[in-house]
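Predicted model, so just to flag it, every value in this text is computed and none were measured.
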Amino acid sequence: MEERNSTLSELFRSRRREMSMTQAALAEQAGCKQSAVSMFEAGRVTALSTATIEKMAGILDVDLSSVDLSGEAKPSTDVVLKYCPVDGCPSNVPYVVCGRLCYTPAMVRSPAAQLTRCAGCGDLLQECCPNSECKALVSEGVCCPECGTSYVSVTGGTTGAEAEQWADEQRARIREIREMVRTSTAPRPARRGRKG
């Protein structure tokens, strides 16, 4: 069972639910109050002592070796590709194929267990296929190689020649934005001191 992206509380909650166990039943077996289990599962890991957390881990058959008892998953060394799912974001370049608008997302390499925000629009980057039935990890390209779902969904209704013109305008706008960013982050020449 992979728990790579889960916090400690999420890991315990999902395992308890898999076992069809109530919070009250878990609390009784672990020797604590149901309200403490509820707070713990809501993310307040300090609601329970380390000893109680370890006891609950035994009851739920949770392996604590991959988890820091402070409540966060241990940092993952896995680096994955991520993309911005927002079709209007300048990180996603529009193009038209057979009159249909598509986007090529800019892929970013980032630690798997870390939330990463898009530098273009600030939205959270995604590391999995947007198809809820697939959820394969992202690979280079426009579509999921497993199910064929486009990574970036098109929300506008532009098609045909209209779409081609719109995509050309958007690519020009994206080039301008990228040039402004490059210019603003370029190192500036050192100032020369005045002789006086």
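Listed by first and then second residue, the ring pair (Phe, Tyr, Trp, His ring centres under 6.0 Å) pairs that reach into residues 119-141 come to none, sequence neighbours excluded. Residue pairs satisfying the side-chain hydrogen bond (donor to acceptor under 3.5 Å, both in side chains) criterion with at least one member in residues 117-126, sequence neighbours excluded, are absent. Residues in residues 107-146 take part in no ring pair (Phe, Tyr, Trp, His ring centres under 6.0 Å) pair, two or more places apart or across chains.
Counting all heavy atoms, side chain and backbone alike, Cys129 lies closest to Lys135 at O-CD, 3.6 Å. Across all their heavy atoms, Cys121 and Cys118 have their closest contact at N-SG, 3.5 Å. Residues Pro130 and Ser150 approach most closely at CG-O, 3.4 Å, considering heavy atoms. A pairwise comparison of heavy atoms in Ala30 and Met56 identifies CB-CG, 3.5 Å as the closest pair. Residues Asp87 and Ser153 approach most closely at CB-O, 3.3 Å, considering heavy atoms.
Atom-to-atom distance recorded for Glu18:CD and Ser14:OG is 5.5 Å, nearest 0.5 angstrom. The CZ atom of Arg13 sits 12.5 Å away from the CG atom of Leu60 when rounded to the nearest 0.5 Å. Atom NZ of Lys55 is separated from atom CG of Leu26 by 10.5 Å, given to the nearest 0.5 angstrom. Interatomic distance, Asp61 CG to Met19 CE, rounded to the nearest 0.5 Å: 7.5 Å. A distance of 8.0 Å separates OG1 of Thr22 from CD of Gln34, quoted to the nearest 0.5 Å.
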### Task
Would you please test Cys128 and Leu137 for side-chain contact (heavy atoms from CB on, under 4.5 Å) and show each step?
CA-CA 4 Å; Cys128 296; Leu137 284 177; 4.2 Å; yes
### Message
If you apply the rule side-chain contact (heavy atoms from CB on, under 4.5 Å), what do you find for Val80 with Val138, and how did you get there?
### Response
CA-CA 8 Å; Val80 296; Val138 170; over 6 Å; no
### Task
Report the C-alpha separation of Cys143 and Thr149 in whole Å, then their side-chain angles, then the decisive distance to 0.1 Å, and conclude whether the side-chain contact (heavy atoms from CB on, under 4.5 Å) test is met.
CA-CA 5 Å; Cys143 300; Thr149 301; over 6 Å; no
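With a 4.5 Å cut-off on side-chain heavy atoms, Tyr151 and Pro85 do not count as touching. Between Phe12 and Ile53, some side-chain heavy-atom pair lies under the 4.5 Å cut-off. Cys144 places none of its side-chain heavy atoms less than 4.5 Å from the side chain of Asn131.
Legend: residues meeting salt bridge (charged side-chain N to carboxylate O under 4.0 Å, His left out) with Arg175, ordered by chain and number and at least two apart, are absent. Evaluation of the salt bridge (charged side-chain N to carboxylate O under 4.0 Å, His left out) rule for Glu179 yields Arg182 as partners, not counting sequence neighbours. For Gln29, the side-chain contact (heavy atoms from CB on, under 4.5 Å) test picks out Met21, Ile59, with sequence neighbours left out. Not counting sequence neighbours, the partners of Arg16 by the side chain to side chain donor-acceptor pair (under 3.5 Å) test are Glu41. Judged as a side-chain contact (heavy atoms from CB on, under 4.5 Å), and not counting sequence neighbours, the contacts of Glu140 are Leu81, Met107, Arg109. Listed by chain and number, the residues in a ring pair (Phe, Tyr, Trp, His ring centres under 6.0 Å) with Tyr103 amount to none (sequence neighbours excluded). Here Glu28 pairs with nothing under the side chain to side chain donor-acceptor pair (under 3.5 Å) rule; sequence neighbours left out. Legend: residues meeting side-chain contact (heavy atoms from CB on, under 4.5 Å) with Thr116, ordered by chain and number and at least two apart, are Lys82, Ser110, Gln114, Leu125.
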Scan the side chains in residues 89-97 for donor-acceptor partners under 3.5 Å anywhere in the protein, sequence neighbours excluded, and list what turns up.
from: Asn92; atom 1: ND2; to: Cys84; atom 2: O; distance (Å): 3.0
from: Asn92; atom 1: ND2; to: Val86; atom 2: O; distance (Å): 2.7

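One finds no salt bridge joining Glu176 and Arg173 here, because no Lys/Arg side-chain nitrogen approaches an Asp/Glu carboxylate oxygen to under 4.0 Å.
A donor-acceptor contact under 3.5 angstrom links the side chains of Ser49 and Thr52, judged on distance only.
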